[in-house]
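One structure is given below, encoded as structure tokens.
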Amino acid sequence: MSRLLRSLFVHLTLGGYALLVLFPIVIVLINSFKTRRAIFDDPLGLPTAATLSVVGYGKVLGNAAIGGMFANSVIVTGCSLGLILLFGAMAAWALTEYRFPGNRLLALFLAFGIMVPIRLGSVSILQTMVALDLVNTLTALVLVYVAQGLPLAILILSEFIRQVPGELKDAARCDGVSEYVIFLRIVLPLVRPAVATVGVFTMVPIWNDLWFPLILAPSEGTQTLTLGVQQFIGQFATDWNAVLAALSLAVLPVLVVYALLSRQLIRGITAGALK
């Protein structure tokens, strides 16, 4: 009986948390298909024949700049994610497989990078980008996001790489396999769930970020989608149909990536919890 109650409690808790997380997304999606008046009159109601409207999507999709903003977001997120996973896996492999002077100190330094928010250094980052002439470039955003995501990626991947049996690596070395091949063809496939976990956890804050695009790349040619949505928000009037439609479209890539990597993500989280 107690086991049944415990299971029921767990499922109710997880179900409640899922509803709490999905509720804002559903509200945004529902209201993006309603007229402006209906959004304020009944924000929780479903669209009806009288209140159904896709004018917001028409404004967003008809805006030529939105396509460029979406492309900028994809480029920044994709490049940042690729570099974080590549360098993070390589650094995790080096820290766990090899012993060298300063190994523990370097690991502590990386852990410190998780505890201190990178936004505290926004002024110094901006000064550095100005000195390097990287302001209003996508490169500036990629560099910042890579620096932001590497500490967590290295920490998570190190724990999983440490669990790879040493016998597999030693057997490969006895067969004359190089360290690069061992890393790419033996270690990485075994920690694929961890890579997917890091990918999802890293992608979401990069895709949704507004702070660094606002201070490092605010020009029209380098705006990301999250920053571009702000053009529909005015000082005296806000086009809520366009804002909600743009936000709904911005959520889709994240949901697609999560759906594709959900199995690996769950395996990675479960394995991490068991460790």
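Values below: all heavy atoms of this structure, side chains included; hydrogens, waters and symmetry mates excluded.
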Gap separating the CD1 atom of I27 from the CG atom of L22, nearest 0.5 angstrom: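 I27 atom CD1 to L22 atom CG measures 11.5 Å (nearest 0.5 Å).
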Which atom pair, heavy atoms only, marks the closest approach of [X] to [Y]?
X: G228; Y: M69; result: CA-SD, 3.3 Å
X: T222; Y: A217; result: OG1-O, 3.3 Å
X: I118; Y: Q148; result: CG2-OE1, 3.3 Å
X: L188; Y: A89; result: CD2-CB, 3.9 Å

Begin from the C-alpha positions of I39 and N241 and carry the test side-chain contact (heavy atoms from CB on, under 4.5 Å) through to its verdict. CA-CA 9 Å; I39 292 174; N241 295 93; 4.0 Å; yes
Hydrophobic cluster membership, with links at side-chain heavy-atom distances under 4.5 Å among I/L/V/M/F/W/Y: are [X] and [Y] in one?
X: L190; Y: V187; result: yes
X: V26; Y: F33; result: no
X: V76; Y: L132; result: yes
X: V251; Y: W207; result: no

Where do R119 and D209 land on the salt bridge (Lys or Arg N to Asp or Glu O under 4.0 Å) test, with the steps shown first? CA-CA 11 Å; R119 293 183 181 180; D209 186 43; 2.8 Å; yes
Looking only at side-chain N and O atoms, does W211 offer a donor or acceptor that is under 3.5 Å from a partner on S122?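 Result is yes, a qualifying pair exists.
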Which pairs, with at least one residue in residues 83-94 and sequence neighbours excluded, count as a side-chain hydrogen bond (donor to acceptor under 3.5 Å, both in side chains)?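 Sorted result for residues 83-94: W93-Y98.
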Test: side-chain hydrogen bond (donor to acceptor under 3.5 Å, both in side chains). Region: residues 44-54. Which pairs qualify, not counting sequence neighbours?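 Of all non-adjacent pairs touching residues 44-54, those that pass side-chain hydrogen bond (donor to acceptor under 3.5 Å, both in side chains) are T48-T51.
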For C79, run the side chain to side chain contact (heavy atoms under 4.5 Å, CB included) check against L141, L143, V142 and tell me which one passes.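 Among L141, L143, V142, the one meeting side chain to side chain contact (heavy atoms under 4.5 Å, CB included) with C79 is V142.
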